[in-house]
Amino acid sequence: MAEQTPQQFLDSLQGRADEMVRQSQQLQEQLGSLTETATEGGVSVTVGSNGALQGLDFDRNSMQRGPADLRDTILRLAAQAQGAVAHKVAQTVEPFAGASAMEFLRTQLPAEPDEGAASRNDDPAFDEDEPPQTYLR
């Protein structure tokens with residue numbers, strides 16, 4: 001195995017740095033385009049990769065609900081969408097972060113969203129007086 005010259009070493013180092021910058025930019029673009037929407041009873045809540053609300057839509061029938069029911073639905077859907085997008089973010093970051101970092105990150109995420117559950121009203125852990133917990137701190 002031939003030793004590298006100082007210039008070859010620096011060129012190699014520069015190449016790795018350039019690749020890391022390219023991967024970082026690619027990751028930022030992927031994360032920036034991630035969204036998740038949760039819908040129930042004519043109410044749709046869309047959040048971005050950081051969990052921030054990006055959209056809130058109502059159909060005509062959803063406006064017939066009382067204010068408390070509408071509020072609870074919005075909060076529940078926001079939490080559901082935030083949890084789902086958090087898992088999408090984790091899947092996107094995994095190739096860059098490594099296994100040990102991802103193991104820690106997954107312990108910080110809410111439970112994987114249940115695709116079949118339209119409502120948490122039957123869940124004894126759901127307390128209508130408390131807003132849903134999110135992964136945002």
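Just so you know, residue 1 is the first one in the sequence shown, and it goes up from there.
For the pair Phe58 and Ile74, the minimum side-chain heavy-atom distance is below 4.5 Å. For the pair Leu77 and Thr39, the minimum side-chain heavy-atom distance is 4.5 Å or more. Counting heavy atoms from C-beta on, the side chains of Ser62 and Asp59 come closer than 4.5 Å. Under the 4.5 Å side-chain criterion, counting only non-hydrogen atoms from C-beta, Gln80 is not in contact with Glu36. With contacts defined as side-chain heavy-atom distances shorter than 4.5 Å, the pair Val47/Gln54 does not qualify. The side-chain heavy atoms of Leu31 and Val93, taken from C-beta on, include a pair separated by under 4.5 Å.
Looking at every heavy atom in both residues, Gln82 comes nearest to Gly51 through NE2-O, 2.9 Å. Residues Gln8 and Glu3 approach most closely at OE1-O, 4.2 Å, considering heavy atoms. Between Ala52 and Asn50 the shortest heavy-atom distance is N-OD1, 2.9 Å. Contact between Gly83 and His87 at its shortest, heavy atoms only, is O-CD2, 2.9 Å. Contact record, Val85 with Gly48: CG1-O, 3.4 Å, taken as the closest heavy-atom pair.
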_Quick one, Val45 with Thr37, criterion side-chain contact (heavy atoms from CB on, under 4.5 Å). Give me CA distance, side-chain angles, the key distance, then yes/no._
CA-CA 5 Å; Val45 176; Thr37 301; over 6 Å; no

Distance-only donor-acceptor pairs under 3.5 Å for side chains of residues 10-17, two or more places apart:
from	atom 1	to	atom 2	distance (Å)
Asp11	OD1	Gln7	NE2	2.8
Gln14	NE2	Asp18	OD1	2.7

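Partners of Glu19 according to the salt bridge (Lys or Arg N to Asp or Glu O under 4.0 Å) rule, which considers only residues two or more places apart in sequence or in another chain, are Arg22.
Atom CD of Gln30 is separated from atom NZ of Lys88 by 12.5 Å, given to the nearest 0.5 angstrom.
A chain of hydrophobic side-chain contacts below 4.5 Å, direct or via other Ile, Leu, Val, Met, Phe, Trp or Tyr residues, connects Leu53 to Leu70.
No donor-acceptor distance shorter than 3.5 angstrom exists from the side chain of Arg65 to the backbone of Arg71, with no hydrogens or angles considered.
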